Amino acid sequence: MDSLVAARQPQFSPKQIASALMVSESSVKRWCDGGAIATVRTLGGHRRVTLDGLQQFLSQSGRSLSYPEALGLPQLVPQRAMAIPGSDDYQQRTFREALSCGDEATCRQVLQARLASGRSRAEAAEDLVTDAMHGIGEAWECNSLDIYQERRGCDICMRLINELRSSIAPLPDDAPVAIGGAAEGDPYQLPTALVELALREIGWNATSLGSNVPLESFHQAVHDCAPRLVWLSVSSVSDSLMFIARVNRLAEQLGEDVPLLVGGRGLSESIRPRLRYTAHCDSLRHLVELASMMRLHVAREMATY
């Protein structure tokens, strides 16, 4: 019966599949012989791939046809699973699933519900965004999601964080200045945006310089802004030796009067001991605790003048 169904389907040669995928014919033959692509044989012993077999291969491999016209087909899109790993918490699960689907309205509703439960803006955002982006990143690495979904999720989270930032009452003119960001080679925007939100919420006039910023630009920003606090969000380090040298030069420039707070999953055990900094923060909550104490110290200091 299966052979009769296969016989009624369009069948393609390895050469046609190779043209549609933009790979070599030998690669396609190797996939056929290895079982990656389900294959039938003609009476003459030639390999042929049915439409079902091709669709199954695309779904399992995450590939798509570069030139479906070579097969006389429209674009075949792999069917990806949408289950995103993460916390069992209902709100977190709802948020990350909505984020993976690009459902910004639901993400906003869940965030507002989180705020209504008594959490601060930074706590609510960190709880939802961190869990969701870790899960989406893991799903992307496992080929359960496409890269566009990860990028879209990041953009939605940035918009939500910016909305929370805009909802904070204007800070007084004498609010102490804090600056920070992610260094060159570190493209992750969300961690430093969350730090900015958290610091502004407790009274710091905080500005994130963004991600992938050369540390030389931090030096210039310190000169221009005269901050009372500097943070460095570290999610990824491309060149550890250069990173260590440049962070240590920044710490030297800041001296003892301006704290340098560092944190992030990119600070490995081989990097951290070699860095100069005031404090390492294990979490956003830890950073808020330290920055709150530093804010009080700055206020007392300013009161003496």
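Side-chain atoms are counted along with the backbone in the values below, which use heavy atoms only and exclude waters and symmetry mates. Nothing here was measured: the structure is a model prediction, and the numbers come from that model. For reference, positions follow the sequence shown, starting with 1.
Under the 4.5 Å side-chain criterion, counting only non-hydrogen atoms from C-beta, Leu21 is in contact with Ile17. Side-chain contact between Ile37 and Val28 is present, with at least one heavy-atom pair separated by less than 4.5 Å. Considering only heavy atoms from C-beta on, His280 comes within 4.5 Å of Asp282 through its side chain.
The pair Lys29-Glu25 counts as a salt bridge, with a side-chain nitrogen and a carboxylate oxygen less than 4.0 angstrom apart. Ion pairing between Arg246 and Glu184 holds under the 4.0 Å rule for side-chain N and carboxylate O. Ionic pairing of Glu163 and Arg159 is not present here: no N-O contact between side-chain nitrogen and carboxylate oxygen is shorter than 4.0 angstrom. Asp257 has no carboxylate O lying under 4.0 Å from a charged side-chain N of Arg228, or vice versa, which leaves the two without a salt bridge. Electrostatic pairing of Arg96 and Asp89 does not count as a salt bridge here, judged by no charged N lying under 4.0 Å from a carboxylate O.
Considering CD of Gln91 and CG of Asp131, their distance stands at 11.5 Å, rounded to 0.5 Å. For the atom pair CG (Leu199) and CG (Leu261), the distance works out to 8.0 Å, reported to the nearest 0.5 Å. Remark: Arg41 CZ to His46 NE2 distance equals 9.5 Å, nearest 0.5 Å. Distance OG/Ser120 to CD/Glu126: 9.0 Å, rounded to 0.5 Å. Note: Leu290 CG to Thr278 OG1 = 9.5 Å, rounded to the nearest 0.5 Å.
There is a side-chain donor-acceptor pair under 3.5 Å between Ser167 and Arg121. Residues Ser208 and Glu196 have side chains that never bring a donor and an acceptor to within less than 3.5 angstrom of each other. Between Glu252 and Asn248, the side chains place no donor N or O within less than 3.5 Å of an acceptor N or O (distance only, hydrogens not considered). Side-chain atoms of Arg119 and Ser117 include a donor-acceptor pair closer than 3.5 Å. Of the N and O atoms on the side chains of Thr192 and Trp231, at least one donor lies less than 3.5 Å from an acceptor on the other residue.
Clustering of Ile, Leu, Val, Met, Phe, Trp and Tyr side chains at separations under 4.5 Å places Val230 together with Val177, Ile179, Leu209, Val213, Leu215, Phe218, Val222, Leu232, Val234, Val237, Phe243, Ile244, Val247, Leu250, Leu254, Val258, Leu260, Val262, Leu267, Ile271, Leu275, Tyr277.
Judged by a 6.0 Å distance limit and a 45° cone about the ring axis, Arg265 is positioned over the six-membered ring of Tyr188.
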